[in-house]
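In what follows, every chain begins at residue 1, and chains take the letters A, B, ... in the order their sequences are listed. Every value quoted in this text rests on a predicted model; they were computed, and no experiment measured them. Side-chain atoms are counted along with the backbone in the values below, which use heavy atoms only and exclude waters and symmetry mates.
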Number of protein chains: 2
Amino acid sequence: MSSGRKKLFDENTALNAAMDVFWQKGYVGASLTDLTKRMGINKPSMYSAFGNKEALFVKATQCYIDTKMKPLISLLFEEKVTLKQRLKNHMMSIVAMQCDTSDAKGCYLALCQSELVSGDIPEQAEQLLKEADAMPIQVYTELFNSDAEAIKLGLNNNAQANALSLYTILKGTASMARSGIDKSELEYSIDSILVGIGVQ
Amino acid sequence: MSSGRKKLFDENTALNAAMDVFWQKGYVGASLTDLTKRMGINKPSMYSAFGNKEALFVKATQCYIDTKMKPLISLLFEEKVTLKQRLKNHMMSIVAMQCDTSDAKGCYLALCQSELVSGDIPEQAEQLLKEADAMPIQVYTELFNSDAEAIKLGLNNNAQANALSLYTILKGTASMARSGIDKSELEYSIDSILVGIGVQ
DNA sequence: GTCAAACCTTACCGAAAGGTACAATTAATT
DNA sequence: AATTAATTGTACCTTTCGGTAAGGTTTGAC
């Protein structure tokens with residue numbers, strides 16, 4: 001079948017490196033020079049392996065969704081944990097990630113999302129970002145509509161609106177984290193919003 | 001004293017046009033071609049009038065602070081209005097501005113702030129943006145510490161934390177507005193957070 | 001060992017970025 | 001009217017962007 005020289009770099013490792021760069025600098029801010037330097041490869045290698053910058057971004061973002069977002073979502077559906085505790089686990093884990101400055105990262109989606117506004121992101125990437133961005137609202141709505149404990153609290157009556165409240169907090173903390181606010185200072189806000197929507 | 005040809009454009013008009021462009025596209029996204037086209041002048045005219053792109057941005061941002069932000073803040077200190085109503089007026093006015101898509105604008109500060117992370121904004125502009133960004137927290141804290149009604153409600157006990165909660169909402173709604181969510185859907189979230197921090 | 005396929009490196013392309021030199025144009029001052 | 005100082009338009013500079021052409025290099029298959 002195939003012959004020829006073997007690839008000298010691991011595609012997955014390179015993709016993770018690319019994800020980090022996009023995470024730090026956004027789509028436009030991450031230049032090919034930045035990307036390939038951190039990926040440890042040259043531009044032609046990158047183009048032959050991933051296609052172009054947009055395709056690389058799409059794959060990196062998909063990687064982010066699978067390895068970073070989904071584990072956070074699964075916290076909402078753990079068994080033998082109260083709804084309030086699940087929500088707190090979920091929110092606090094997100095905040096912890098948002099506030100993690102170990103690699104000078106901001107918030108992946110928040111950073112890229114603002115580029116959606118200025119129209120600097122190509123179509124395919126835009127689609128994926130919008131889907132990823134809308135994911136939490138759908139998940140929260142589903143949670144409030146299906147979870148027994150949530151229904152008992154009546155959260156299903158305002159499922160969409162309550163989902164929006166959670167999401168608002170999530171976006172707010174992302175923005176705050178980018179401003180360098182400490183994780184502990186955000187815990188209070190999370191408690192407040194949970195009280196506000198009636199999660200006791 | 002001075003003689004020579006008169007300026008054919010109004011500096012203030014041009015500055016407002018520049019503010020609009022930065023508002024829509026952020027600092028990096030707004031190219032000199034975009035800017036000068038909308039300002040109705042040529043590049044050398046812009047450079048002689050404002051210095052360079054950064055100086056133009058600083059002046060445009062200062063203009064934004066004075067003409068857009070400060071009127072919103074003054075709503076918090078109107079006389080003969082209850083604290084709850086003042087807060088709602090303030091928040092809803094902000095949300096209305098954030099959701100105003102008449103000129104395809106996003107949120108000025110939110111858009112530029114993400115550029116702070118990627119390090120694409122020069123120093124002087126960065127300083128001003130950070131100051132403007134921190135302004136609401138200071139104002140809210142001052143309100144909770146000095147307003148008679150707030151003190152009666154005990155909001156001064158957690159002044160800083162409560163200020164942070166309001167600010168979180170503000171940032172959250174900004175992000176949501178950028179995603180195209182309707183104004184009316186955000187009203188509920190605002191009520192929730194006001195309940196959460198104990199404003200009845 | 002030979003051939004061929006896949007890789008890596010270098011060097012380059014056109015476009016667009018921020019910024020500027022220079023000369024033509026204009027109007028207030030004398 | 002002549003002078004002079006400021007603004008204006010054109011045309012250009014350097015750098016960096018995303019992307020690629022061409023050729024040398026390494027590995028597998030026969």
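A salt bridge does not link A:Lys183 to A:Glu187: none of the charged side-chain nitrogens sits closer than 4.0 Å to a carboxylate oxygen.
Note: CG (B:Asn42) to P (C:dA21) measures 17 Å, nearest angstrom. Rounded to an integer number of Å, the gap from CG of B:Asp34 to P of C:dA15 is 18 Å. Between the CZ atom of B:Phe50 and the P atom of C:dT20 there is a distance of 16 Å, rounded to whole Å. Rounded to an integer number of Å, the gap from B:Phe9 CZ to C:dT26 P is 17 Å. In this structure, B:Lys7 places its NZ atom 17 Å from C1' of C:dT25, rounding to the nearest Å. Here the C1' atom of nucleotide D:dT16 and the NZ atom of A:Lys25 are 13 Å apart, to the nearest Å. Regarding B:Asp10, its CG atom lies at a distance of 15 Å from the C1' atom of D:dT7, rounded to whole Å. Regarding A:Leu8, its CG atom lies at a distance of 11 Å from the P atom of D:dG28, rounded to whole Å.
Nucleic acid contact for A:Ile41: none, since no nucleic acid atom lies under 4.0 Å from a heavy atom of the residue.
For the residue pair A:Asp34/A:Ser31, the side-chain donor-acceptor check at 3.5 Å is satisfied. For the residue pair A:Asp20 and A:Gln24, no side-chain donor N or O sits within less than 3.5 Å of a side-chain acceptor on the partner.
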Letter per nucleotide, 5' to 3', of nucleotides 18-25 of chain D [B base touched, S only sugar-phosphate touched, - untouched; heavy atoms, 4.0 Å]: BBBB--BB
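A:Lys6 has no side-chain polar atom (N or O) that falls below the 4.0 Å cut-off from OP1 or OP2 of C:dA6. Taking 4.0 angstrom as the limit, B:Ser45 places a side-chain polar atom (N or O) nearer than this to OP1 or OP2 of D:dT8.
A side chain to side chain donor-acceptor pair (under 3.5 Å) check over residues 74-84 of chain B, counting only residues at least two apart or in different chains, returns nothing. Residues in residues 135-181 of chain B take part in these ring-ring contact (aromatic ring centres under 6.0 Å, His included) pairs, two or more places apart or across chains: B:His90-B:Tyr140.
Sparse packing is recorded around CD of A:Gln124, with 12 or fewer heavy atoms of other residues, nucleotides or ligands lying under 6.0 Å away.
For the pair A:Lys53 and A:Tyr27, the cation sits on the ring face: its NZ or CZ lies under 6.0 Å from the ring centre, inside 45° of the axis.
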